[in-house]
Asks: 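One structure follows; several queries about it will come next.
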Amino acid sequence: MNKELKDKIILESLGLLDKKESEELRNQLPDSHEEDKMLASEMNNLVSLFPKVLNRSLDKMLPSISVKEKLFSKINSSGNKEIKNDKREFNFIFSESDDWIQHPEVAGIQVRQLSLNKEKEYVMLLLKVAADTEYPSHHHSGAEECYVIEGDLYAQGKILGPGDFHHAEGGTDHEPLYTKNGCTVILVVDPKDY
């Protein structure tokens, strides 16, 4: 694997490439090795790691204090002014906040927007869906990713429960989705689809 390409793929997944570099990478990937394409896919689908992360003990995942100290020491001594002076805002949404809205087309679905990334063209939503609710057939302009937190979700002939994940590629058509007992899901979609 080309180290420079690997670094670009990782930086792109973290949102650290500028627009020109990002476009160059997208043009370069179709002609690259399968291993490079696989890395790009894995890095760009980080949401698919939710089930693995949520099924492990947090203590086993957190790095030790010495690892954190070395990491922050390296970051602070890197001399990279762009990273040090990054003034991106932090956004917090707390579970107690009352910012749910009714889905504009389907009764029984409450929506909370968690984030919107216009540059990478995705929106992350939290949905609370009432029992016996059906979402109609729909087309995906971009990829759709769904992680079930609680309840049941019937999708494409499969029953998903807590900890289950579903990915649909852009350009696909979804059959109606249904929940018998209600569910709470995290949904990542192209903003044009929502």
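Along the sequence shown, residues carry numbers from 1.
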Asks: Going from CG on N181 to CD on E150, what distance comes out if it is rounded to the nearest 0.5 angstrom?
Replies: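 If we round to the nearest 0.5 Å, N181:CG and E150:CD are 11.5 Å apart.
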Asks: Can you find a pair of side-chain heavy atoms, one from S137 and one from P176, that are under 4.5 Å apart?
Replies: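 Of all side-chain heavy-atom pairs linking P176 with S137, at least one is under 4.5 Å.
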Asks: Where do P162 and I149 come nearest, in terms of heavy atoms and distance?
Replies: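 Minimum heavy-atom separation between P162 and I149: CB-O, 3.5 Å.
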Asks: With sequence neighbours left out, write down each residue that passes side-chain contact (heavy atoms from CB on, under 4.5 Å) with I159, or none if nothing qualifies.
Replies: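 Testing I159 for side-chain contact (heavy atoms from CB on, under 4.5 Å), a comparison that skips the adjacent residues, returns Y154.
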Asks: Is Q113 close to V111 at the side-chain level, that is, under 4.5 Å between some pair of heavy atoms?
Replies: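 Result no, sub-4.5 Å side-chain heavy-atom pair not found.
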Asks: Please identify each residue that fulfils side-chain hydrogen bond (donor to acceptor under 3.5 Å, both in side chains) with H140, with sequence neighbours left out.
Replies: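 For H140 the side-chain hydrogen bond (donor to acceptor under 3.5 Å, both in side chains) partners, ignoring immediate neighbours, are H138, E144, T172, H174.
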Asks: Could I get the full list of side-chain contact (heavy atoms from CB on, under 4.5 Å) partners for K192, not counting sequence neighbours?
Replies: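 K192 satisfies side-chain contact (heavy atoms from CB on, under 4.5 Å) with E121, S141, D190 only.
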Asks: Holding to salt bridge (Lys or Arg N to Asp or Glu O under 4.0 Å), I want the full list of residues that pass it with E4, two or more places apart in sequence or in another chain.
Replies: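 For E4 the salt bridge (Lys or Arg N to Asp or Glu O under 4.0 Å) partners, ignoring immediate neighbours, are K8.
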Asks: With rounding to the nearest 0.5 Å, note down the distance linking CG in L153 to OH in Y147.
Replies: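 The CG atom of L153 sits 13.0 Å away from the OH atom of Y147.
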Asks: Quick check against the 3.5 Å criterion: does D164 have a side-chain atom that pairs as donor or acceptor with the backbone of V148?
Replies: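 No, the answer is negative, given that no donor and acceptor are paired below the 3.5 Å cut-off.
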Asks: How about E23: does its CD atom have over 12 heavy atoms from other parts shown lying under 6.0 Å from it?
Replies: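 Result for CD/E23: open.
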Asks: How far does CD of Q28 sit from CG of L5, to the nearest 0.5 angstrom?
Replies: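 Answer for the CD-CG pair, Q28 versus L5, is 5.0 Å.
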Asks: Is the shortest side-chain heavy-atom distance between L126 and W100 below 4.5 Å?
Replies: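 Answer yes - side chains close enough.
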Asks: Rounded to the nearest 0.5 Å, how far apart are NE2 of H167 and CD of E145?
Replies: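 Result: 5.5 Å between the selected atoms.
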Asks: Using only atom types and a distance under 3.5 Å, with no angle test, would you say the side chain of T179 pairs donor to acceptor with the backbone of D152?
Replies: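 Answer holds: yes.
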Asks: Got a sec, which residues hit side-chain contact (heavy atoms from CB on, under 4.5 Å) with E21, two or more places apart in sequence or on another chain?
Replies: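 E21: side-chain contact (heavy atoms from CB on, under 4.5 Å) contacts with L17, D18.
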Asks: Does any part of the side chain of L187, heavy atoms only, come nearer than 4.5 Å to the side chain of C146, both counted from C-beta?
Replies: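 Yes. Closest side-chain heavy atoms under 4.5 Å.
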Asks: Under the rule for side-chain hydrogen bond (donor to acceptor under 3.5 Å, both in side chains), what residues qualify as partners of S115, not counting sequence neighbours?
Replies: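 Applying side-chain hydrogen bond (donor to acceptor under 3.5 Å, both in side chains) to S115 gives none.
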Asks: Could you name each residue pair satisfying side chain to side chain donor-acceptor pair (under 3.5 Å) that touches residues 122-136, not counting sequence neighbours?
Replies: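 Residue pairs with at least one partner in residues 122-136: D132-Y178.
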Asks: Could you tell me which residues satisfy side-chain hydrogen bond (donor to acceptor under 3.5 Å, both in side chains) with N27, sequence neighbours excluded, listed by chain and number?
Replies: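 N27: no side-chain hydrogen bond (donor to acceptor under 3.5 Å, both in side chains) contacts found.
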Asks: List for me each residue that meets side-chain hydrogen bond (donor to acceptor under 3.5 Å, both in side chains) alongside H103, sequence neighbours excluded, and say none if there are none.
Replies: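 Partners of H103 by the side-chain hydrogen bond (donor to acceptor under 3.5 Å, both in side chains) criterion, ordered by chain and then number, come out as Y194.
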Asks: With sequence neighbours left out, what residues match D99 under salt bridge (Lys or Arg N to Asp or Glu O under 4.0 Å)?
Replies: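 D99: salt bridge (Lys or Arg N to Asp or Glu O under 4.0 Å) contacts with R112.
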Asks: Does the side chain of P136 reach to within under 4.5 Å of the side chain of V106, using non-hydrogen atoms?
Replies: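 Yes; the side chains approach each other to less than 4.5 Å.
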